[in-house]
Structure formats: C-alpha cells, structure tokens
A.B. asks: 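Got a structure here, written out as structure tokens. Questions coming.
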Amino acid sequence: MATSSLLLLLADGRFPAGAHAHSGGLEAAVAAGRVTDLVTLEAFLAGRLATAGLVGAAFAAAAHRAVTSAGSAVRGSTLALLDAELDARTAAPALRTVSRRQGRALLRAGRAIWPEASFDDLPSTPGGAHQPLVLGLLCAAAGLSRAETAAVAAHGTVTGAASAAVRLLGLDPYQVQALLVGLASRCDGTAAEAARAADEPPERLPAAAAPLADIHAEAHATWEVRLFAS
C-alpha cells in the first residue's frame with residue numbers, strides 16, 4: 001500500500017480505534033450553550049486546533065522521532081519522558097483518562113494491523129500510554145514521515161468534533177464539511193508547527209492550554225446520560 005493510502009487510512013475516522021465515540025469536548029460545550037451553530041462551531045474547532053491539536057500533534061511527532069532516530073537504548077526512556085510531560089500538560093483528570101483509554105484502543109488496532117512492529121518501547125504506565133504517543137508509533141510502523149504524523153494528529157482533533165456536531169446540533173453535514181475545508185490551511189499550519197517542535201526536548205514541547213475545556217471535561221464525566229464518552 002502506498003504511503004499516501006496509509007496516511008488516509010490513519011486519518012480516517014472509521015479507523016477502528018474508537019474515536020467515533022468521543023466528541024472532543026463538544027458535547028459539554030453544546031450543553032453549556034457555547035456552541036450553537038456553524039459560527040460558534042468554527043470558533044470551537046479553531047480553538048481546539050490551537051490548543052489540544054498543537055500539543056497532540058507535537059507529541060505524536062516527537063514519539064515518531066524517538067522511535068525512528070533514537071537508539072534502542074534511549075527510545076524507552078524518551079517515550080516515558082514524553083508520556084510524563086504530556087500528562088503534566090493535561091490538567092483535567094478526565095482528559096488524562098480519555099487519552100490513555102484512546103491510546104489502548106489505538107494500540108490494539110496497531111498490533112493487529114502491524115504485528116511485526118514493536119510497541120514494547122511504550123511506557124508501561126497505569127492505564128497505558130497517551131494516545132498521541134501511540135499514534136506516533138503507529139505512523140512510524142506505517143512508514144509515514146514525522147510531518148505526516150503531525151498532520152494525522154492535527155486532522156483528528158477537528159474532524160471528530162465536527163462529526164459530533166452533526167449529531168448533537170443537527171447541522172447540515174455539507175456545511176460542516178465546508179467549514180472543515182475552510183480550516184484546512186490552519187490545520188496544515190498547526191501540523192507543520194508541531195513537526196518542527198518535535199526537534200525540541202520533551203520539556204520544551206508546546207503546552208497550549210484550554211482551561212474551559214478542562215472544566216467542561218470534568219463536568220461531562222459526571223453526567224449519568226451522555227451521547228459521547230468525552
């Protein structure tokens with residue numbers, strides 16, 4: 001399979017890693033009345049891209065760099081440090097849990113699709129490694145570049161929430177797709193920034209935060225009835 005096809009495969013929301021079950025914080029934002037239409041959805045997605053999108057893409061690219069350029073003696077320690085740094089950047093306990101849960105699901109898919117690849121360098125932390133780190137290793141196993149890895153990660157932070165918006169708000173799916181097209185260049189710019197940042201040591205990777213998203217995540221985790229897991 002050509003590299004371009006593998007890129008599309010990993011960026012596809014139908015990839016069996018459970019992403020469709022998560023709204024990226026949109027469900028709580030809708031319930032709070034902060035996202036109500038296409039205009040507010042666009043602002044939400046742009047904000048998510050500049051924060052969670054940038055951080056996740058940078059850590060995925062850094063994990064890719066660790067397993068493709070570091071020697072075997074330092075890969076494990078680098079990934080463990082990346083996992084700890086990403087944990088520190090994820091203020092909400094609910095979001096840390098979600099990230100590790102998605103990492104486990106993604107890892108199951110990766111082991112099934114690329115059984116010859118070694119994922120043993122991932123840290124054996126309780127709950128599993130964070131999703132961006134697992135994504136970085138999967139993209140490396142697929143032969144994607146660091147830039148392509150960052151693009152997959154950035155793309156996923158907006159497309160999942162956009163898809164959830166169609167279900168939560170009953171928006172016209174064609175208009176939502178047009179909105180994503182309008183954000184494409186911004187998504188590419190975020191991915192390029194993240195790929196460049198991956199050259200930095202783990203403690204200097206992006207740490208963009210969204211406190212309101214953290215608050216919404218903690219509130220959402222207490223709901224007895226909800227459409228999405230996060």
A.B. asks: Looking at H22 and A229, what are the two nearest heavy atoms and their distance?
C.D. replies: CE1-CB, 3.6 Å
A.B. asks: Side chain of D37, backbone of T40: donor and acceptor closer than 3.5 Å?
C.D. replies: yes
A.B. asks: Compare every heavy atom of A63 with every heavy atom of G136, then report the nearest pair and how far apart it is.
C.D. replies: CA-CB, 4.2 Å
A.B. asks: Search all heavy atoms of A150 against all heavy atoms of A194 and return the closest pair with its distance.
C.D. replies: CB-CB, 4.2 Å
A.B. asks: Going by side chain to side chain contact (heavy atoms under 4.5 Å, CB included), F59 matches just one of E85, H130, H64. Which one?
C.D. replies: E85
A.B. asks: Apart from V35 itself, which Ile, Leu, Val, Met, Phe, Trp or Tyr residues share its cluster (side-chain heavy atoms under 4.5 Å, direct or through members)?
C.D. replies: L26, V30, L38, L41, F44, L45, L49, V158, V166, L168, L169, L171, V176, L179, L180, L183, L227, F228
A.B. asks: Sub-3.5 Å donor-acceptor pair from the side chain of R146 to the main-chain atoms of T68, do we have one?
C.D. replies: no
A.B. asks: Work out which heavy atom in A60 is nearest to a heavy atom in A153; give both atom names and the distance.
C.D. replies: CB-CB, 4.1 Å
A.B. asks: Applying the 4.5 Å side-chain criterion to the ILVMFWY set and letting contacts propagate, would V98 and L135 be lumped into a single cluster?
C.D. replies: no
A.B. asks: Shortest non-hydrogen contact from A209 to T51?
C.D. replies: O-CG2, 3.5 Å
A.B. asks: Determine whether a donor-acceptor pair (N or O, by modelled atom type, separation under 3.5 Å) exists between the side chain of S163 and the backbone of G160.
C.D. replies: no
A.B. asks: Under the side-chain contact (heavy atoms from CB on, under 4.5 Å) criterion, do L79 and V67 qualify, and how do the steps go?
C.D. replies: CA-CA 9 Å; L79 289 170; V67 297; 3.9 Å; yes
A.B. asks: Quick check for you: to the nearest 0.5 Å, what is the distance between L133 atom CG and T125 atom OG1?
C.D. replies: 9.0 Å
A.B. asks: Heavy-atom count around E116 CD within 6.0 Å, excluding the residue itself: above 12?
C.D. replies: yes
A.B. asks: How long is the straight-line distance from CG of L10 back to CG of L144, given to the nearest 0.5 Å?
C.D. replies: 5.5 Å
A.B. asks: Is it true that a side-chain atom of R48 and a backbone atom of A210 form a donor plus acceptor pair closer than 3.5 Å?
C.D. replies: no
A.B. asks: What distance do L106 atom CG and F119 atom CZ have between them, rounded to the nearest 0.5 Å?
C.D. replies: 8.5 Å
A.B. asks: Could you tell me the separation between the CG atom of L138 and the CD1 atom of I113, rounded to the nearest 0.5 Å?
C.D. replies: 7.0 Å
A.B. asks: So does S230 get a backbone contact from the side chain of S23, meaning a donor-acceptor N/O pair under 3.5 Å?
C.D. replies: yes
A.B. asks: Kindly indicate whether the side chain of T157, heavy atoms from C-beta on, has any atom under 4.5 Å from the side chain of T190.
C.D. replies: no
A.B. asks: Roughly how far, to the nearest 0.5 Å, is OG1 of T149 from CG of L7?
C.D. replies: 8.5 Å
A.B. asks: Is there a donor-acceptor pair closer than 3.5 Å between any side-chain N or O of T36 and the backbone N or O of G33?
C.D. replies: no
A.B. asks: Only counting residues at least two apart or in another chain, list the ones meeting side chain to side chain contact (heavy atoms under 4.5 Å, CB included) with L212.
C.D. replies: R34, H216
A.B. asks: Verify whether one side chain among S185 and D188 offers a donor that lies under 3.5 Å from an acceptor in the other.
C.D. replies: no
A.B. asks: Side-chain heavy atoms nearer than 4.5 Å, only ILVMFWY residues, links allowed to pass through others: does that put L107 and V152 together?
C.D. replies: yes
A.B. asks: Is the side chain of E200 donor-acceptor paired with the backbone N or O of A197 at a distance under 3.5 Å, no angle test?
C.D. replies: no
A.B. asks: With a 4.5 Å limit on heavy-atom distance, are the side chains of D199 and R65 in contact?
C.D. replies: yes
A.B. asks: Is there a path of hydrophobic side-chain contacts, each under 4.5 Å between heavy atoms of I, L, V, M, F, W or Y residues, that connects L54 with L82?
C.D. replies: no
A.B. asks: What's the shortest heavy-atom distance between W114 and L6, and which atoms?
C.D. replies: CZ2-CD2, 4.0 Å
A.B. asks: Tell me, which pairs form a salt bridge (Lys or Arg N to Asp or Glu O under 4.0 Å) where one or both residues lie in residues 97-115, sequence neighbours left out?
C.D. replies: D83-R100, D87-R100
A.B. asks: Mind checking the CD-NE2 spacing from E27 to H220? Nearest 0.5 Å is all I need.
C.D. replies: 3.5 Å
A.B. asks: Is the shortest side-chain heavy-atom distance between S99 and T90 below 4.5 Å?
C.D. replies: no
